[in-house]
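One structure is given below, encoded as structure tokens.
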Amino acid sequence: MTLSNAHDQLAELIEVAGNELRLLGEEPLAIASATHKFNDATEDDYWCAVQLGQYQWEQSQFFGSTTGHGIAKESSTLKVDPENYGSSQFDPENIQRARGILRRLDKAGWRQLATKFAGLKGFGDIIALAIQFDQIWLHCSDSYGGDDYIFALIDGTLEQLANSTDCFTNHIGFAELIQCASPDLDIVVRLSPTARSHFDLSVHDKAASHELADTLLQLADLIDDTIEPVDEFSPPFACPVGFTQYKDLRYPWVRSYGRYFYNTLEFAVGETRFDRQYFNTLKKTFVRPDDVMKRRKLTEAKQFEELYDHLEKVDRTRIRQLFEKSTGKDTFDSDQLYYLVLEAEPYLLFRNILYHLHEKGMTIINDWRGTNDPIGPGTKQWLDDLGRIFSPSRRNAST
């Protein structure tokens, strides 16, 4: 079989199955299977999973059998033909239909076609059909590490969007099934409008970006006036911008986002990370007239109170909403949206993309993709990262 024939057959299978899967629920949608998942014993000769919106079903014989709302893991004896897997009659009808689509794909040899087309090893490979951002995707990954790929189905052709950042088994059950650090921008422009706006680097809503910039410019002035300068320069300020109330979450069923149910505030000035516990420690500091270090701690405590007061008055949920509207991106309730202030200039950092807020709205000044995500404010590495992304050439590009 030639590579061209493998592609054509696989693309046809993916298109037919994807159009069937679309009818079974709300996005994100996915069906996936693997000869091995990720256990070193390599005794699970078949694994498969289905996701229809917030409902996930997973069959993994190696990891035993549990049942519960939304998730069912079934166990079977080894070496059972995949046709007989997933025999539970307790799942919703559409879950059973999705598993039927998956069984037909397995029977049609989509694994062999994908291995031939994508150049995978064929051992432990995870093959997934997903629908997200109104786009059909083929996700090929290796449970043992190696080359992983994301393909988009565009006009009957499978086009490689990017190398994936993780194997698909880690995405099942979450809101964001398709994620990558460096998408091919030549492919991005050919995606569905929703997928294109999520992956491209343009500002989509100028009115929203102006409202966002106006809010953050005013806040930047307050923050810069509060921070004590060091060697005549204000140290960088950083604050995660997250949802503060359960009702503001777009994906409350993703349980790992539970920490956002609480109205907590933390931020960093330079290498110092402030939160309520640290502030309470600073308040207990006893100072003698000659105690320079402790006087510095009291200065930090005063800064915390003032900065906390400024931030508490800001609707951080609204900031995230305006950012999503401005950029066309879904942040998936992620904590990877940071508000930065450097020399009274406000910025937003979403994963590896840096946005400068100014009087005309918002400008992307640095595509920082291809490197690791920032660890977070309040560390030396964070400051080193800031030094790279705020180099003079990149900052001047925004003017």
Side-chain angles (χ1 to χ4, degrees), residues 7 10-11 14-15 18 27-28 114 117-119 128-141 147-168 171 175-206 208-209 212-213 320 322-332 334 336-338 347-358 360-374 385 388-391 393-399:
H7 167 271
L10 181 60
I14 293 298
E15 185 165 20
E27 295 185 12
F117 167 64
L129 164 62
I131 300 177
Q132 189 155 44
F133 314 119
D134 196 29
Q135 177 73 51
I136 297 177
W137 309 91
L138 174 67
H139 194 297
C140 302
S141 53
D147 294 331
D148 306 332
Y149 307 100
I150 298 174
F151 299 94
L153 184 69
I154 305 172
D155 296 329
T157 302
L158 290 168
E159 303 282 1
Q160 185 176 338
L161 177 76
N163 290 339
S164 65
T165 56
D166 207 351
C167 69
F168 198 79
H171 302 326
E176 186 177 13
L177 295 181
I178 301 300
Q179 50 184 279
C180 58
S182 301
D184 185 334
L185 298 182
D186 290 334
I187 302 300
V188 168
V189 297
R190 300 172 56 199
L191 298 175
S192 70
T194 304
R196 186 165 61 244
S197 66
H198 180 78
F199 287 108
D200 73 12
L201 296 177
S202 60
V203 175
H204 292 261
D205 190 319
K206 293 189 180 298
S209 72
L212 179 60
R320 185 182 289 272
L322 287 172
F323 174 78
E324 290 187 330
K325 191 173 181 180
S326 300
T327 62
K329 297 183 182 299
D330 189 338
T331 63
F332 293 99
S334 169
Q336 294 177 309
L337 179 61
Y338 292 101
Y347 302 84
L348 285 173
L349 177 65
F350 177 62
R351 295 183 177 170
N352 302 93
I353 312 297
L354 184 69
Y355 302 82
H356 180 212
L357 287 303
H358 46 80
K360 295 182 180 179
M362 182 166 64
T363 303
I364 298 167
I365 66 169
N366 182 30
D367 177 1
W368 199 26
R369 294 179 295 192
T371 64
N372 293 327
D373 283 346
D385 290 341
R388 288 200 299 272
I389 64 179
F390 285 112
S391 65
S393 61
R394 289 169 177 165
R395 294 182 65 197
N396 291 340
S398 67
T399 60

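Just so it is clear, the model here is predicted, and its values are computed rather than measured.
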Task: side-chain hydrogen bond (donor to acceptor under 3.5 Å, both in side chains) partners for Q160, two or more places apart - done: N163
- [ ] Over all heavy atoms of both residues, which pair between I150 and H139 is shortest? Give the atoms and the distance, please.
- [x] CG1-CD2, 3.7 Å
Open item on the list: Going by the rule salt bridge (Lys or Arg N to Asp or Glu O under 4.0 Å), which residues pair with E27 if we only count those two or more places apart in sequence or in a different chain?
Closed with: none
Indicate every side-chain donor-acceptor pair of residues 129-137 with a distance under 3.5 Å to a residue at least two apart or in another chain.
unit_1	atom_1	unit_2	atom_2	d
Q132	OE1	L177	N	2.9
Q132	OE1	I178	N	3.2
Q132	NE2	A175	O	2.7
D134	OD1	R22	NH1	3.2
Q135	OE1	S192	N	3.0
Q135	NE2	L153	O	2.8
W137	NE1	Q132	O	2.9
W137	NE1	Q135	O	3.3

Open item on the list: Would you compute the distance between atom OG1 of T331 and atom CG of L337 and round it to the nearest 0.5 angstrom?
Closed with: 6.5 Å
Open item on the list: Is any side-chain heavy atom of L185 closer than 4.5 Å to one of D200?
Closed with: no
Open item on the list: What I'd like to find out is whether the side chain of I353 reaches to under 4.5 Å of the side chain of T327, using heavy atoms alone.
Closed with: no
Open item on the list: D330: which residues meet the side chain to side chain contact (heavy atoms under 4.5 Å, CB included) condition with it, sequence neighbours left out?
Closed with: H198, R250, Y251, E324, F332
Task: Nearest non-hydrogen partners of A11 and G156, listed with the distance - done: CB-O, 3.5 Å
Open item on the list: Give me the atom names and distance for the closest heavy-atom approach of L191 to A152.
Closed with: CD2-CB, 3.5 Å
TODO: Nearest 0.5 Å please: distance from the NZ atom of K360 over to the OG atom of S209.
DONE: 12.5 Å
Task: Non-hydrogen side-chain atoms of I187 and I154 separated by less than 4.5 Å - done: yes
Open item on the list: Measuring only between side-chain heavy atoms, which start at C-beta, is Y347 closer than 4.5 Å to I365?
Closed with: yes
Task: Distance, nearest 0.5 Å, that separates CD of E15 from CG of L138 - done: 13.0 Å
Task: Shortest non-hydrogen separation from L161 to C180 and the atoms involved - done: CD2-SG, 3.9 Å
Open item on the list: Please find the pair of heavy atoms, one from C140 and one from F151, that lie closest to each other, and give the distance.
Closed with: SG-CE1, 4.2 Å
TODO: Decide yes or no for D186 and E159: does some side-chain heavy atom of the first lie under 4.5 Å from some side-chain heavy atom of the second?
DONE: no
- [ ] Please report the shortest heavy-atom distance between S326 and A208, naming the atom on each side.
- [x] OG-C, 3.3 Å
Task: Spacing of CE belonging to M362 relative to CG belonging to L322, to within rounding of 0.5 Å - done: 9.5 Å
